[in-house]
**Student:** 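The structure is given below, and queries will be raised subsequently.
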Amino acid sequence: MQLYMQQKVFSWKDKFSVLNSFGEDKYYVEGKMISIGKKLRIYDAAGNELAFVNQKVVSLMPKFSVEMNGQEVAVIKKKFTLLKPKYIIEGPGWEVQGDFFSHDYNITDKGNIIVSIHKKWMAWGDTFELDIPDENNEILALAVVLAIDAVMDAQQNSSVSFGD
């Protein structure tokens with residue numbers, strides 16, 4: 001299953017659709033405009049909340065939790081490294097490998113691909129293609145990708161601007 005998410009370039013709050021391979025809205029992602037830490041909610045097309053991605057602000061390195069049905073199912077942690085970003089996904093035990101700066105990476109489970117992420121560079125705004133072989137992993141994979149993207153976006157913004 002392929003999903004496409006395009007974040008709006010000029011938006012006061014995080015709000016965008018996740019499209020299926022036919023260009024139809026499959027999920028909606030919405031964030032809070034004013035909050036301590038990044039908070040994103042994933043909804044289905046009917047408006048039912050499927051997952052909540054929450055940044056843990058009392059942490060030395062970026063850390064996010066993912067809740068589904070009121071239960072924490074994953075914690076995404078950025079590890080301190082000097083050259084290449086590294087992320088740990090506690091809960092499902094998934095691993096992340098690839099080129100984060102080019103937004104071209106895979107999330108795997110014991111060598112099996114859970115999701116492949118590719119950024120489309122010629123699009124207006126950030127557009128990502130997610131290839132998820134097993135539909136059962138779709139929501140959690142989407143939530144993990146959103147957490148990693150939030151860390152990358154925050155790092156990019158802090159290195160470009162002064163005191164956002």
Side-chain angles (χ1 to χ4, degrees), residues 3-9 11 13-16 18 27 29-42 49-121 123 125-134 137-164:
L3 298 176
Y4 300 89
M5 44 182 217
Q6 181 175 21
Q7 296 170 308
K8 293 187 168 65
V9 176
S11 176
K13 67 177 184 175
D14 293 318
K15 186 174 185 177
F16 54 92
V18 178
Y27 303 111
V29 178
E30 189 168 336
K32 285 189 120 180
M33 186 165 65
I34 299 172
S35 69
I36 297 174
K38 191 86 154 175
K39 297 179 186 338
L40 300 169
R41 296 184 186 278
I42 302 171
E49 184 177 314
L50 303 173
F52 176 53
V53 181
N54 184 27
Q55 182 178 10
K56 304 291 188 180
V57 292
V58 183
S59 177
L60 182 60
M61 296 298 293
K63 181 177 176 181
F64 287 80
S65 68
V66 177
E67 293 179 16
M68 297 172 71
N69 298 319
Q71 299 290 324
E72 184 175 86
V73 294
V75 175
I76 300 94
K77 298 178 182 179
K78 182 172 189 284
K79 300 296 282 180
F80 178 76
T81 58
L82 294 176
L83 299 175
K84 187 176 173 184
K86 181 169 175 66
Y87 296 89
I88 304 296
I89 304 171
E90 295 176 351
W94 296 350
E95 296 180 6
V96 186
Q97 300 127 0
D99 185 353
F100 297 102
F101 297 114
S102 295
H103 297 279
D104 187 20
Y105 59 96
N106 294 320
I107 297 175
T108 60
D109 182 18
K110 298 178 183 89
N112 298 315
I113 292 180
I114 300 298
V115 58
S116 294
I117 300 91
H118 308 285
K119 183 172 184 176
K120 295 182 155 246
W121 290 102
D126 288 338
T127 303
F128 299 93
E129 177 182 84
L130 287 69
D131 188 12
I132 306 170
D134 184 350
N137 294 322
E138 209 168 76
I139 305 302
L140 184 54
L142 177 59
V144 170
V145 170
L146 288 169
I148 291 172
D149 182 55
V151 173
M152 295 295 290
D153 189 47
Q155 287 179 331
Q156 182 180 351
N157 289 338
S158 69
S159 67
V160 173
S161 62
F162 299 101
D164 263 350

**Student:** Report yes if some heavy atom in the side chain of Glu129 is under 4.5 Å from a heavy atom in the side chain of Ile117; otherwise report no.
**Tutor:**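 Glu129 does not reach Ile117 side chain to side chain.
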**Student:** Is there side-chain contact between Asp104 and Lys119, with heavy atoms separated by less than 4.5 Å?
**Tutor:**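 Side-chain contact under 4.5 Å: no.
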**Student:** Report the distance from atom NZ of Lys63 to atom CD of Gln55, rounding to the nearest 0.5 Å.
**Tutor:**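 Separation between the atoms: 11.5 Å.
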**Student:** Does the side chain of Val18 reach to within under 4.5 Å of the side chain of Ile42, using non-hydrogen atoms?
**Tutor:**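 In short, these two side chains do not touch, never coming nearer than 4.5 Å.
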**Student:** Side chains of Glu95 and Tyr87 only: does a donor on one sit below 3.5 Å from an acceptor on the other?
**Tutor:**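 There is no such pair (donor and acceptor under 3.5 Å, judged by atom type) between the side chains of Glu95 and Tyr87.
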**Student:** Begin with the C-alpha distance, continue with both residues' side-chain angles, and end with the deciding distance and a verdict on side-chain contact (heavy atoms from CB on, under 4.5 Å) for Leu146 and Phe128.
**Tutor:** CA-CA 10 Å; Leu146 288 169; Phe128 299 93; over 6 Å; no
**Student:** Decide side-chain contact (heavy atoms from CB on, under 4.5 Å) for Val144 and Ile107; before the verdict, give the C-alpha distance in whole Å, the side-chain angles of both, and the deciding distance to 0.1 Å.
**Tutor:** CA-CA 9 Å; Val144 170; Ile107 297 175; 3.6 Å; yes
**Student:** Just wondering, do Trp94 and Thr108 contact through their side chains at under 4.5 Å, heavy atoms?
**Tutor:**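 No, too far: nothing below the 4.5 Å cut-off.
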**Student:** Are side-chain heavy atoms of Val29 and Met5 found at a separation under 4.5 Å?
**Tutor:**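 Val29 does not reach Met5 side chain to side chain.
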**Student:** Report the C-alpha distance between Val53 and Lys38 in whole Å, list the side-chain angles of each, state the deciding distance to 0.1 Å, and finish with yes or no for side-chain contact (heavy atoms from CB on, under 4.5 Å).
**Tutor:** CA-CA 8 Å; Val53 181; Lys38 191 86 154 175; over 6 Å; no
**Student:** Scan Glu49, Glu30, Glu67 and name whichever one has a side chain to side chain donor-acceptor pair (under 3.5 Å) with Arg41.
**Tutor:**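 Option passing the side chain to side chain donor-acceptor pair (under 3.5 Å) with Arg41: Glu49.
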**Student:** Just how far is it from atom CG of Asn106 to atom CG of Asn112, taken to the nearest 0.5 Å?
**Tutor:**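 If we round to the nearest 0.5 Å, Asn106:CG and Asn112:CG are 11.5 Å apart.
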**Student:** Can you check whether Ile76 reaches Val66 side chain to side chain, under 4.5 Å on heavy atoms?
**Tutor:**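 In contact.
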**Student:** Just verifying a value: how many Å separate Leu140 CG and Leu50 CG, rounded to the nearest 0.5 Å?
**Tutor:**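 Result: 12.0 Å between the selected atoms.
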**Student:** Can you tell me how far the OG atom of Ser116 sits from the CD1 atom of Ile132, to the nearest 0.5 Å?
**Tutor:**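 Reported to 0.5 Å precision, the distance equals 9.5 Å.
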**Student:** Tell me, do Glu138 and Tyr27 make a side-chain contact under 4.5 Å, heavy atoms counted?
**Tutor:**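 The answer is yes; the side chains approach within 4.5 Å.
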**Student:** Determine whether Lys77 and Glu90 satisfy the following criterion, side-chain contact (heavy atoms from CB on, under 4.5 Å), listing intermediate values before the conclusion.
**Tutor:** CA-CA 8 Å; Lys77 298 178 182 179; Glu90 295 176 351; 2.8 Å; yes
